[in-house]
*Asks:* 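The structure's right below; bear with me while I get my questions together.
The model shown is predicted, which means the values in this text are computed figures rather than measured ones.
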Amino acid sequence: MDNLPAPLVFRPDETAVELPPPDPTTEAAVRRTLGSRRPLRTSQSATSVDRLDLLAAALTPELTALVVLWLGGTRRGSRDTRIAYADDLLLWADWACRELGRERFGLDLRRGDVTMWLTGQQDAGAADSSISRRLSTLSSLYRYAASWGLPVVSPISVDDHRPRIERGRRATSARVLVADQVMAMLAAASDVRDALVVGLLFTDALRVSGICAANDDDRRDEGRRTWLKVTVKGGKTKLVPLQTTVAELLDQYLTMRPAWTGPGPAPLIVDAAGQRIDRHDVTRMLRRLARAAGIPRPEKVTPHSLRASAVTDQKRRGLAAEDIQELTIHADVRTVMIYVDDDGRNERVAAITDDLGRVMTAVPTHLRHPTRPQQRRDHRPR
């Protein structure tokens with residue numbers, strides 16, 4: 001297409017092995033997948049920039065080209081995985097610029113550099129899981145570079161750098177709220193979008209990535225029930241039912257949402273600048289609402305807090321494990337879901353959503369759409 005961005009220039013002058021440059025098709029696909037975000041260390045009103053352009057500005061040209069090939073591979077096929085890797089690389093590049101004086105980030109870190117980075121992360125209170133993920137990103141890129149025959153050696157040591165991650169719930173697990181606290185956050189909402197996002201995260205126990213990636217054409221109607229097609233882990237899609245008040249808030253929000261002027265389908269939920277929201281936007285929103293609601297330690301509230309809170313709420317109310325499995329759309333169904341008949345899944349999950357929706361009575365009256373059509377076009381979920 002004529003409007004595709006020009007390919008990145010690949011100059012393997014400093015490498016011992018010459019690699020093929022990423023072809024324009026791969027680069028364009030990676031660019032679309034990565035989307036855009038605000039540059040690091042800028043205000044919330046800053047304009048979003050394509051992640052690939054941010055990487056090109058932060059990395060050496062050779063590494064930028066390698067990263068395009070790396071993210072374009074099938075092993076990193078998930079959109080969320082690619083975005084997480086890109087964001088982690090931007091953090092590494094930002095740290096190397098500030099602490100090591102590197103104008104451009106390359107695969108030339110030493111073991112002592114990583115030790116210094118780790119000390120800084122721990123002093124800043126970063127969670128072990130976050131540290132482990134960022135190390136895994138860098139380690140994966142080093143392995144990929146070595147697989148092409150590049151003369152690089154990973155500076156990451158299992159003995160020195162890898163934190164021990166305990167499985168199961170722990171102090172750093174997602175903060176769990178009770179239903180009254182979720183209702184307090186909803187009552188504190190002064191914006192339709194804020195109440196909508198809280199409702200979606202809690203009543204459908206959604207991952208934040210599913211909300212951020214949703215587009216206008218992912219919304220479906222069947223009779224009096226509204227459904228949303230969300231992308232789950234592995235790139236698969238599932239239809240989830242929207243609780244009545246959540247659907248009303250969505251109707252209201254769509255009438256006042258900033259017009260979409262970008263390419264492709266319009267994002268379902270956008271930020272104040274009209275750009276697709278990301279998990280950072282949602283985290284800031286939830287912490288602001290938690291603070292306004294008087295919830296202790298609001299800085300610990302995350303998007304996953306509402307998903308974990310919904311699961312905990314339903315478990316305490318006696319919901320069967322297999323039904324919670326269906327609500328949360330976990331990928332591993334071998335041990336539990338094999339015993340659950342798929343017939344009636346939509347009705348079961350809709351009932352769960354309706355029960356979780358009891359918190360939506362806390363939404364201020366002026367935010368709710370005054371009327372809701374009684375009949376909708378009959379689109380049966382597929």
*Asks:* Assess whether a salt bridge exists between Asp216 and Arg257, defined as any Lys/Arg side-chain N lying under 4.0 Å from an Asp/Glu carboxylate O.
*Replies:* yes
*Asks:* Quick one: which of Thr302, Ile295, Val198 gives a side chain to side chain contact (heavy atoms under 4.5 Å, CB included) with Leu286?
*Replies:* Val198
*Asks:* Salt bridge or not between Asp281 and Arg37? Use side-chain N to carboxylate O under 4.0 Å.
*Replies:* no
*Asks:* Answer yes or no: is there an ion pair linking Asp271 with Arg38, defined by an N-O contact shorter than 4.0 Å?
*Replies:* yes
*Asks:* Please report the interatomic distance CG(Leu367) to CD(Gln252), rounded to the nearest 0.5 Å.
*Replies:* 8.0 Å
*Asks:* For Asp87 and Ala84, indicate whether the former's side chain and the latter's backbone hold a donor-acceptor pair under 3.5 Å.
*Replies:* no
*Asks:* Looking at Glu103, I want to see if its CD is surrounded by more than 12 non-hydrogen atoms of other residues, nucleotides or ligands under 6.0 Å.
*Replies:* no
*Asks:* Do Arg111 and Ser157 come close enough that some side-chain heavy atom pair is under 4.5 Å?
*Replies:* yes
*Asks:* What closest approach, in Å, do Trp260 and Ala266 show between heavy atoms, and which atom pair accounts for it?
*Replies:* CD1-CA, 3.4 Å
*Asks:* Does Phe105 have its ring centroid less than 6.0 Å away from the ring centroid of Trp95?
*Replies:* no
*Asks:* Without swapping roles, check the side chain of Arg51 against the backbone of Ser36 for a donor-acceptor pair under 3.5 Å.
*Replies:* yes
*Asks:* Does the distance from a Lys or Arg side-chain N to an Asp or Glu carboxylate O, for Asp53 and Arg31, drop under 4.0 Å?
*Replies:* yes
*Asks:* Is it true that the side chains of Arg143 and Ser139 contain a donor and an acceptor less than 3.5 Å apart?
*Replies:* yes
*Asks:* Rounded to the nearest 0.5 Å, what separates atom CG in Asp221 from atom CZ in Arg219?
*Replies:* 4.5 Å
*Asks:* Quick one: do Arg220 and Asp218 make a salt bridge, cutoff under 4.0 Å?
*Replies:* no
*Asks:* Any heavy-atom pair between the side chains of Val246 and Thr226 that's under 4.5 Å?
*Replies:* no
*Asks:* Flag the pair Phe202 / Arg307 as yes when at least one side-chain heavy-atom distance between them is below 4.5 Å, and no otherwise.
*Replies:* no
*Asks:* Identify the heavy atoms of Leu186 and Gly199 that sit nearest to each other, and give their distance.
*Replies:* CD2-N, 4.4 Å
*Asks:* Looking at Pro298, is its backbone amide N or carbonyl O close enough to the side chain of Arg291 to form a donor-acceptor pair, meaning the two atoms are under 3.5 Å apart?
*Replies:* no
*Asks:* Using 4.0 Å as the upper bound for N to carboxylate O, is an ion pair formed by Arg102 and Asp108?
*Replies:* yes
*Asks:* Counting only N and O atoms by type, is there a donor-acceptor contact under 3.5 Å from the side chain of Arg82 to the main-chain atoms of Leu71?
*Replies:* yes
*Asks:* How close do Gly274 and Pro258 get, heavy atom to heavy atom, and via which atoms?
*Replies:* CA-CB, 4.1 Å
*Asks:* Indicate yes or no: does Arg358 engage Asp313 in a salt bridge with an N to O separation below 4.0 Å.
*Replies:* yes
*Asks:* Evaluate side-chain contact (heavy atoms from CB on, under 4.5 Å) for Met256 paired with Arg193, printing each intermediate quantity in order.
*Replies:* CA-CA 10 Å; Met256 61 180 65; Arg193 186 197 65 170; over 6 Å; no
*Asks:* For Ala188 versus Ala293, what's the shortest heavy-atom pair and its separation?
*Replies:* CB-N, 4.3 Å
*Asks:* Nearest 0.5 Å, what's the CZ-OG distance between Arg276 and Ser48?
*Replies:* 11.5 Å
*Asks:* Could you walk me through whether Val240 and Trp227 pass the side-chain contact (heavy atoms from CB on, under 4.5 Å) check?
*Replies:* CA-CA 5 Å; Val240 298; Trp227 301 77; 5.7 Å; no
*Asks:* With rounding to the nearest 0.5 angstrom, report the CG to CG distance, Asp113 to Leu118.
*Replies:* 12.5 Å
*Asks:* Would a 4.5 Å heavy-atom cut-off, applied to side chains only, mark Gln314 and Asp355 as touching?
*Replies:* yes
*Asks:* How about Ser209 and Arg279: does a side-chain donor come under 3.5 Å of a side-chain acceptor?
*Replies:* no
*Asks:* Which atom names give the shortest non-hydrogen contact between Arg225 and Pro241, and what distance separates them?
*Replies:* CD-CB, 3.9 Å
*Asks:* Are side-chain heavy atoms of Ile131 and Gln122 found at a separation under 4.5 Å?
*Replies:* yes
*Asks:* How long is the span from the CG atom in Leu54 to the CG atom in Leu89, to the nearest 0.5 Å?
*Replies:* 12.0 Å
*Asks:* Under a 4.5 Å side-chain heavy-atom rule over Ile, Leu, Val, Met, Phe, Trp and Tyr, are Leu135 and Val153 clustered together?
*Replies:* no
*Asks:* Quick check: does any side chain N or O of Asn215 sit under 3.5 Å from a backbone N or O of Asp217, one acting as donor and the other as acceptor?
*Replies:* no
*Asks:* Start with the C-alpha gap between Val270 and Gln275, add the side-chain angles, then the distance that decides, and say whether side-chain contact (heavy atoms from CB on, under 4.5 Å) holds.
*Replies:* CA-CA 5 Å; Val270 299; Gln275 300 298 310; 5.9 Å; no
*Asks:* Is there a donor-acceptor contact under 3.5 Å linking the side chains of Thr137 and Ser140?
*Replies:* no
*Asks:* Do Ile211 and Val230 have side-chain heavy atoms sitting under 4.5 Å apart?
*Replies:* no
*Asks:* Return yes if some donor-acceptor pair links the side-chain N/O of Thr26 with the main-chain N/O of Pro22 below 3.5 Å, else return no.
*Replies:* no
*Asks:* Show the numbers, then the answer: is there a side-chain contact (heavy atoms from CB on, under 4.5 Å) between Leu109 and Leu138?
*Replies:* CA-CA 10 Å; Leu109 291 180; Leu138 194 62; 3.8 Å; yes
*Asks:* Which heavy atom of Ser309 sits nearest a heavy atom of Ser305, and at what distance?
*Replies:* OG-O, 2.5 Å
*Asks:* Going by heavy atoms in the side chains, are Pro61 and Arg104 under 4.5 Å from each other?
*Replies:* yes
*Asks:* Indicate, with yes or no, if Val178 and Leu306 share a hydrophobic cluster defined by side-chain heavy-atom contacts under 4.5 Å among Ile, Leu, Val, Met, Phe, Trp and Tyr.
*Replies:* no
*Asks:* Decide whether Thr353 and Asp204 meet the rule of one side-chain donor and one side-chain acceptor closer than 3.5 Å.
*Replies:* yes
*Asks:* For Tyr85, run the ring-ring contact (aromatic ring centres under 6.0 Å, His included) check against Tyr144, Trp70, Trp92 and tell me which one passes.
*Replies:* Trp70
*Asks:* Rounded to the nearest 0.5 Å, what separation is found between the CG atom of Leu242 and the CG atom of Leu200?
*Replies:* 6.0 Å
*Asks:* Can you check whether Leu150's main-chain N or O pairs, donor with acceptor, with Trp148's side chain at less than 3.5 Å?
*Replies:* no
*Asks:* Taking C-beta and beyond as the side chain, do Leu40 and Leu90 meet within less than 4.5 Å on heavy atoms?
*Replies:* yes
